[in-house]
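Below you'll find the structure, written out as structure tokens, and then a few comments.
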Amino acid sequence: MNFGQAISSCLSNYATFSGRASRSEFWWFFLFQVLASAAASMLSEKLSGLVSLALLLPALAVGARRLHDIGKSGWWQLLMISGIGFLVLIYWWVQPTEDNVSSYGSNLA
């Protein structure tokens, strides 16, 4: 999945927390989020807040789908509240896709 496909997929599945997301989909959308937030913050503080708010739900959704792809529940994203839990999430998000069919659906590959 390339950059454009990942953004299109994440925004079309704006609040879809079921299913699976590949590593490339997750990381390309993460990059888009960082770039959009940086560009918006250069223009205006209010615009930066709006962009962050608009991208919050799709970011949580793709994060949950990425965790599903490795066989974990999307609720593990609550680890971000602790601060240090973000490191655990990064470790999980970089893990390869499970090659089997799970309760979250079949493998995307």
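Along the sequence shown, residues carry numbers from 1.
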Whether Q95 side chain and Y91 backbone form a donor-acceptor pair below 3.5 Å: yes
Flag, side chain of S41 to backbone of A38, donor-acceptor distance under 3.5 Å: yes
Cluster check L11, V62: I/L/V/M/F/W/Y, side chain < 4.5 angstrom: yes
Atom pair CE (M1) and CH2 (W28), whose distance is rounded to the nearest 0.5 Å: 12.0 Å
OG-NE2 distance between S73 and H68, expressed to the nearest 0.5 angstrom: 5.5 Å
Enclosure of I84 CD1 (heavy-atom neighbours >12, cutoff 6.0 Å): no
Criterion side-chain contact (heavy atoms from CB on, under 4.5 Å) against R66, the qualifying member of F30, F26, F29, W92: F26
Side chain proximity check, W76 to V88, heavy atoms < 4.5 angstrom: no
Which atom of T97 lies closest to which atom of R20, heavy atoms considered: CG2-NH2, 4.3 Å
Heavy-atom pair of closest approach, residues L57 and A15: CD2-CB, 3.8 Å
Cluster overlap I70 with I90, hydrophobic side-chain contacts below 4.5 Å: yes
Gap between atom CG of L79 and atom CG of L89 - 0.5 Å precision: 5.0 Å
Approximate separation, where rounding is to 0.5 Å, of Q5 CD and S12 OG: 11.5 Å
Connected via hydrophobic side-chain network under 4.5 Å: L50 and V34: no
Full working for side chain to side chain contact (heavy atoms under 4.5 Å, CB included) between L67 and W75: CA-CA 9 Å; L67 288 173; W75 287 101; over 6 Å; no
Least distance between heavy atoms, W27 atom then W93 atom: NE1-O, 3.5 Å
Closest non-hydrogen atom pair between S82 and G85, with its separation: OG-N, 3.1 Å
Test log, rule salt bridge (Lys or Arg N to Asp or Glu O under 4.0 Å), inputs E25 and R65: CA-CA 10 Å; E25 179 181 359; R65 291 194 315 268; 3.2 Å; yes
Same cluster (ILVMFWY, side-chain, under 4.5 Å), F17 and I81: no
Non-hydrogen atoms of P58 and C10 that approach each other most closely: CB-O, 4.0 Å
Which atom of S24 lies closest to which atom of A6, heavy atoms considered: O-CB, 4.3 Å
Rounded distance (nearest 0.5 Å) linking atom OG of S37 with atom CG of L55: 6.0 Å
From CD (Q77) to NZ (K72), nearest 0.5 Å: 13.5 Å
Check: S18 main-chain N/O paired with T16 side-chain donor or acceptor under 3.5 Å: no
